Amino acid sequence: MGVNLNADTSESAATTPEKSLNFVEEIINDHLESGRFDQTVHTRFPPEPNGYLHIGHAKSIALNFSLAEKYGGLCNLRFDDTNPSKEEEEYVHSIKEDIKWLGFDWEDREYYASDYFDQLHDWAVKLIKDRLAYVCDLTLEEGREYRGTPTEAGKHSPYRDRSVEENLDLFARMKAGEFPDGTRTLKAKIDMAHPNFHMRDPVIYRILHGHHHRTGDDWCIYPMYDFTHGQSDSIEKITQSICTLEFENHRPLYDWFCDKLEIHHPQQIEFARLNLTYTVMSKRKFLTLVNEGYVNGWDDPRMPTISGLRRRGYTPESIRNFCEYIGVAKHNSVVDVTILENHVREHLNAIAPRVMAVLNPLKVVIENYPEGKVEELQAVNNPEDESAGIRSVPFTRELYIDHNDFMEEPVKKYFRLAPGKEVRLRYGYILKCEDVIKNDTGEIIELRCTIDPDTLGKQPTDRRVKGVIHWVSAEKSLDAEIRLYDRLFSVEHPDKVEEGQDFRSNINPDSLEIIKHAKVEPALRAVKSGERYQFERVGYFSVDQDSTDDHPVFNRIVSLRDSWARIARNTR
RNA sequence: UCCGGGAUCGUUCAAUGGUAGGACACCAGCUUUUGGAGCUGGUCAUGGGGGUUCGAAUCCUCCUCCCGGAACCA
């Protein structure tokens with residue numbers, strides 16, 4: 001695997017100029033040089049607790065936490081919970097669990113924007129007193145009309161010039177719950193002719209009689225994102241406030257509030273969010289997939305959610321390495337999902353014990369091997385890791401091999417088993433196919449074979465046998481359920497659709513194939529949920545949480561690179 | 001149309017006025033008791049036009065294309 005991880009985080013990026021810096025690191029270095037902040041780097045990851053985290057969030061999490069680590073700084077976790085109607089405690093728990101699983105630690109710095117509601121309210125009052133905010137009675141629709149269009153300036157609200165006293169009184173009564181939802185807002189008084197819509201007297205407080213997951217019914221007015229985020233950053237003494245590109249237009253407002261409030265002023269930096277081929281990446285679309293039954297929940301192993309990837313069997317290391325590898329830039333990009341797959345292959349290749357599993361069993365009877373005899377053959381657990389040791393695998397007269405490893409009429413370049421041909425049984429003898437037995441409908445149901453008893457652990461001198469196949473003992477093997485997961489979408493860009501269709505029309509109907517009765521070697525008795533194995537020549541698999549001692553269930557994490565598939569494709 | 005961003009191999013990230021480089025993918029070969037892993041080599045890119053300069057991916061200029069923006073969402 002040639003992936004260059006470049007993941008050396010032991011040296012500060014600031015002191016290793018030979019390693020190219022990403023644009024965020026360059027900005028940080030400028031700040032360090034100019035002394036803009038008289039403190040160390042302090043970042044934060046600010047999720048809204050209204051959904052599950054996905055691989056795109058992992059990029060942001062990794063960026064914020066590893067930047068802090070590289071520069072010897074800190075990264076906070078802050079829940080951006082300013083909208084009581086959408087946020088739930090359940091999401092807070094899952095988000096924390098996912099970040100921890102990824103391997104990042106916010107220590108005791110778990111914050112909530114809702115913790116700052118009193119301070120935010122006081123700042124709003126200050127703006128009113130400074131004649132920089134006013135209570136507006138315009139309805140939502142009227143507000144939209146007054147805002148203007150990209151080419152025309154907006155109009156001043158008729159309530160724009162209320163006195164400080166009236167504004168103070170009205171805002172207090174908004175807070176006291178005297179007015180129904182939507183009847184009034186507090187707006188910042190900026191510039192209705194500003195080319196940036198966010199500067200055209202943006203709403204900073206709205207009336208919302210909702211139950212908040214943390215503050216309960218204490219408030220019926222809630223600050224907007226723009227009046228919360230920068231100030232929260234400021235309170236926490238954040239230095240670089242890293243967010244995604246769509247917030248670029250909000251930066252002037254972010255700066256305006258910090259300036260007018262005369263508070264610590266972090267630098268907002270925007271980067272491009274992650275997109276992956278063969279998947280979608282939005283909470284709304286995930287919700288559709290879950291609600292309409294295309295997947296079995298948020299942690300379905302096909303979902304690009306962190307919980308889905310975890311259940312699938314991805315390792316946190318591989319996701320972190322992936323995030324480091326893809327880097328960070330300001331232009332939108334779509335990362336090939338094979339990059340992600342290669343990272344998990346690379347990690348699992350190093351750590352996953354090898355075992356043999358036969359997914360589509362075909363019985364083999366070895367005619368020259370005695371009935372009842374059992375040999376314990378020695379197999380290495382991981383050729384990449386000698387310390388993983390060896391195990392024994394029972395060899396008997398009747399075996400199962402995979403149907404795919406036999407071809408009655410072999411195509412060229414096929415060097416597995418075929419009538420009259422030989423193949424190496426992994427860790428065992430060379431096997432020769434003598435006869436093919438079929439049922440009434442012509443299906444191949446059994447192979448009669450012989451072994452060359454002088455080939456255990458050594459090569460024959462008179463011929464060369466190239467193919468190696470895996471196998472299990474028919475008598476000693478275990479039954480297992482195997483869930484073969486594939487990409488959820490059958491096209492690279494699921495959102496590119498014909499007029500009148502949506503991403504659902506690109507769903508891969510074969511994203512899950514369940515094999516109920518696969519045969520696995522006895523070493524897999526009593527596996528535990530979460531364990532990961534390589535099924536030799538097949539792929540990497542994890543033990544699903546549905547697994548029981550009687551009924552092991554394995555999820556395919558990712559297949560092995562299959563160069564036979566490529567050859568078969570190219571020679572056709 | 002206005003504002004804000006962006007454009008380098010198929011993909012992603014470099015090169016910060018001085019030989020356009022790496023990785024993935026692809027192709028060829030070596031090796032192998034996983035058609036796995038590993039190793040070697042190869043194909044492939046600066047959106048376009050002008051300009052500055054001995055020299056431009058990089059600076060200037062015009063153009064083209066792409067993304068985001070008019071929630072009392074974040």
Side-chain angles (χ1 to χ4, degrees), chain A residues 1-6 19-22 26 46-48 50 80-83 85-87 136 138-140 143-144 147-154 181-187 194-200 202-208 222 224-226 228-229 243-252 270 272 277 283 325-336 338-339 341-343 345-346 349-350 354 356 380 383-384 413-416 424-428 430 455 457-459 465-470 534-539 559-568 570:
Chain A
M1 187 87 256
V3 177
N4 176 15
L5 298 174
N6 243 348
K19 182 194 175 285
S20 67
L21 303 177
N22 65 48
E26 282 177 3
E48 183 187 11
N50 72 341
D80 225 334
D81 55 349
T82 58
N83 188 342
S85 60
K86 294 168 69 176
E87 293 147 9
C136 181
L138 253 26
T139 64
L140 210 168
R144 192 175 297 145
R147 201 155 25 233
T149 69
T151 45
E152 311 161 51
D181 288 4
T183 52
R184 285 185 164 87
T185 57
L186 184 70
K187 288 179 176 172
H194 198 107
N196 182 334
F197 281 104
H198 297 286
M199 301 298 273
R200 319 241 268 223
V203 172
I204 59 179
Y205 262 93
R206 77 281 217 193
I207 301 172
L208 230 42
Y222 290 90
M224 298 289 292
Y225 166 85
D226 286 309
T228 304
H229 200 93
C243 61
T244 45
L245 251 30
E246 66 268 30
F247 290 100
E248 225 153 13
N249 294 317
H250 295 243
R251 182 156 27 96
E270 310 85 10
T277 55
K283 287 172 186 168
Y325 175 83
I326 57 173
V328 49
K330 278 200 75 116
H331 58 266
N332 290 303
S333 61
V334 184
V335 175
D336 193 328
T338 59
I339 305 280
E341 294 169 349
N342 283 333
H343 276 85
R345 280 193 186 104
E346 181 189 48
N349 178 49
R354 273 61 168 170
M356 292 194 286
V380 302
E384 308 290 319
K413 288 191 184 171
Y414 185 84
F415 48 82
R416 280 117 88 168
R424 163 74 64 179
L425 289 171
R426 180 74 162 149
Y427 307 119
I430 284 176
T455 53
K458 56 182 169 182
Q459 293 291 3
V465 176
K466 190 168 162 70
V468 180
I469 65 172
H470 58 280
Q534 184 196 104
F535 291 175
E536 290 210 48
R537 304 206 310 126
V538 181
S559 65
L560 243 30
R561 272 224 195 84
D562 186 359
S563 41
W564 165 245
R566 188 171 49 80
I567 292 165
N570 291 352

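In this text the structure is predicted, and so the values were computed from the model without any measurement. A note on names: the letters A, B, ... follow the listed sequences, proteins ahead of strands, and every chain is numbered from 1.
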Separation between the [atom1] atoms of [N] and [M], rounded to whole Å:
{"N": "B:C60", "M": "B:G42", "atom1": "C1'", "result": "39 Å"}
{"N": "B:C65", "M": "B:C59", "atom1": "C1'", "result": "23 Å"}
{"N": "B:A14", "M": "B:A23", "atom1": "P", "result": "16 Å"}
{"N": "B:U58", "M": "B:U52", "atom1": "C1'", "result": "13 Å"}
{"N": "B:U12", "M": "B:A7", "atom1": "P", "result": "12 Å"}
{"N": "B:G21", "M": "B:U46", "atom1": "P", "result": "13 Å"}
{"N": "B:U1", "M": "B:C66", "atom1": "P", "result": "12 Å"}
{"N": "B:A57", "M": "B:A20", "atom1": "P", "result": "8 Å"}

Starting at atom [atom1] of [X], determine the distance to atom [atom2] of [N], rounded to an integer number of angstrom.
{"X": "A:L245", "N": "B:A7", "atom1": "CG", "atom2": "P", "result": "11 Å"}
{"X": "A:E248", "N": "B:G4", "atom1": "CD", "atom2": "P", "result": "11 Å"}
{"X": "A:L425", "N": "B:G35", "atom1": "CG", "atom2": "P", "result": "12 Å"}
{"X": "A:E270", "N": "B:G68", "atom1": "CD", "atom2": "C1'", "result": "11 Å"}
{"X": "A:F197", "N": "B:C3", "atom1": "CZ", "atom2": "P", "result": "12 Å"}
{"X": "A:R345", "N": "B:A23", "atom1": "CZ", "atom2": "P", "result": "18 Å"}
{"X": "A:R537", "N": "B:G35", "atom1": "CZ", "atom2": "C1'", "result": "8 Å"}
{"X": "A:E341", "N": "B:A23", "atom1": "CD", "atom2": "C1'", "result": "16 Å"}

In Å, rounded to the nearest 0.5 Å, how long is the span from [atom1] of [X] to [atom2] of [Y]?
{"X": "A:D562", "Y": "A:I567", "atom1": "CG", "atom2": "CD1", "answer": "9.0 Å"}
{"X": "A:T183", "Y": "A:R206", "atom1": "OG1", "atom2": "CZ", "answer": "14.0 Å"}
{"X": "A:L560", "Y": "A:E536", "atom1": "CG", "atom2": "CD", "answer": "9.0 Å"}
{"X": "A:L245", "Y": "A:N332", "atom1": "CG", "atom2": "CG", "answer": "5.5 Å"}

Heavy-atom count check: over 12 atoms from other residues, nucleotides or ligands less than 6.0 Å from A:K413 NZ?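 Counting other residues, nucleotides and ligands, NZ of A:K413 stays at 12 neighbours or fewer.
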For B:A71, decide between syn and anti, treating a glycosidic angle within 90° of 0 as syn.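 Syn.
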Which part of the nucleic acid does A:K283 contact within heavy-atom distance under 4.0 Å: base, sugar-phosphate only, or nothing?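 Here A:K283 touches no strand at all.
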Check every strand shown and say whether A:Y222 touches a base, only sugar-phosphate, or nothing at a heavy-atom separation below 4.0 Å.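 Result for A:Y222 = nothing.
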Indicate yes or no: at least one non-hydrogen side-chain atom of [X] is less than 4.5 angstrom from one of [Y].
{"X": "A:R561", "Y": "A:N342", "value": "yes"}
{"X": "A:P202", "Y": "A:F197", "value": "no"}
{"X": "A:M356", "Y": "A:R537", "value": "no"}
{"X": "A:E384", "Y": "A:R354", "value": "yes"}

Kindly write out the residues that satisfy side-chain contact (heavy atoms from CB on, under 4.5 Å) with [X], not counting sequence neighbours, or none if the list is empty.
{"X": "A:N249", "answer": "A:N196, A:H198"}
{"X": "A:S85", "answer": "A:N83"}
{"X": "A:Y225", "answer": "A:D80, A:H229, A:F247, A:H250"}
{"X": "A:S559", "answer": "A:R345, A:R556"}

Show, in sequence, the C-alpha distance, side-chain angles and deciding distance for A:L425 and A:I469, and conclude whether the side chain to side chain contact (heavy atoms under 4.5 Å, CB included) test is met. CA-CA 5 Å; A:L425 289 171; A:I469 65 172; 4.0 Å; yes
Side chain of [X] - closest among [options]:
{"X": "A:Y414", "options": "B:C3, B:G35, B:U33", "answer": "B:G35"}
{"X": "A:T151", "options": "B:C2, B:G68, B:G35", "answer": "B:C2"}
{"X": "A:K330", "options": "B:G6, B:A37, B:U33", "answer": "B:G6"}

Is there any protein nitrogen or oxygen under 3.5 Å from a nitrogen or oxygen in nucleotides 29-32 of chain B, and what are the pairs?
residue, atom, partner, partner atom, Å
B:U32, O4, A:K466, NZ, 3.4

Does a side-chain N or O of A:R354 approach OP1 or OP2 of B:G36 to a distance below 4.0 Å, or not?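 Result: no.
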Looking at residues at least two apart in the chain, or sitting in another chain, which of them share a ring-ring contact (aromatic ring centres under 6.0 Å, His included) with A:H470?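 For A:H470 there are no ring-ring contact (aromatic ring centres under 6.0 Å, His included) partners, ignoring immediate neighbours.
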Got a sec, which residues hit ring-ring contact (aromatic ring centres under 6.0 Å, His included) with A:Y414, two or more places apart in sequence or on another chain?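 A:Y414: ring-ring contact (aromatic ring centres under 6.0 Å, His included) contacts with A:W564.
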Using a cutoff of under 3.5 Å, can you pull out all pairs of nitrogen or oxygen atoms linking the protein to nucleotides 26-28 of chain B, with atom names and distances?
residue, atom, partner, partner atom, Å
B:C27, OP1, A:N570, ND2, 2.9
B:C27, OP2, A:R566, NH1, 3.3

For A:K330, what residues pass the side-chain hydrogen bond (donor to acceptor under 3.5 Å, both in side chains) criterion, not counting sequence neighbours?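 By the side-chain hydrogen bond (donor to acceptor under 3.5 Å, both in side chains) rule, A:K330 matches A:E248, A:E270.
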Measure from the side-chain N and O atoms of A:T455 to the backbone N and O of A:I430, and report whether any donor-acceptor pair falls under 3.5 Å.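 Yes; at least one donor-acceptor contact below 3.5 Å.
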Is A:R251 side chain donor-acceptor paired with the B:G4 base, going by distance under 3.5 Å alone?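 Under the 3.5 Å cut-off, the side chain and the base do not form any donor-acceptor pair.
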For RNA chain B, please output the secondary structure as dot-bracket, reading 5' to 3'. Pairs are Watson-Crick or G-U wobble, both atom distances under 3.5 Å; mark crossing pairs with [ ], other-strand partners with |, unpaired with a dot. .((((((..((((....[..)))).(((((.......)))))....(((((..]....))))))))))).....
Would you give a per-nucleotide map of nucleotides 9-14 of chain B, 5' to 3', where B means the base has a protein non-hydrogen atom under 4.0 Å away, S means only the sugar-phosphate does, and - means neither? --SSSS
On RNA chain B, compare the nucleotides closest to A:T338 and A:G457; which residue's is nearer the 5' end?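 The residue mapped nearer the 5' terminus is A:T338.
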Polar atom pairs between nucleotides 72-74 of chain B and protein, under 3.5 Å, N or O only, would you list them?
residue, atom, partner, partner atom, Å
B:C72, N3, A:G182, O, 3.3
B:C72, N4, A:L138, O, 2.8
B:C72, N4, A:L140, N, 3.3
B:C72, N4, A:G182, O, 3.0
B:C73, OP2, A:R206, NE, 3.0
B:C73, OP2, A:R206, NH2, 2.8
B:C73, O3', A:R206, NH2, 3.1
B:C73, O2', A:N83, ND2, 3.2
B:C73, O2', A:K86, NZ, 3.0
B:A74, OP1, A:T82, OG1, 2.6
B:A74, OP1, A:R206, NH1, 3.3
B:A74, OP1, A:R206, NH2, 2.9
B:A74, OP2, A:Y225, N, 2.9
B:A74, O4', A:E48, OE1, 3.4
B:A74, O3', A:D80, OD2, 3.4
B:A74, N6, A:H250, NE2, 3.1

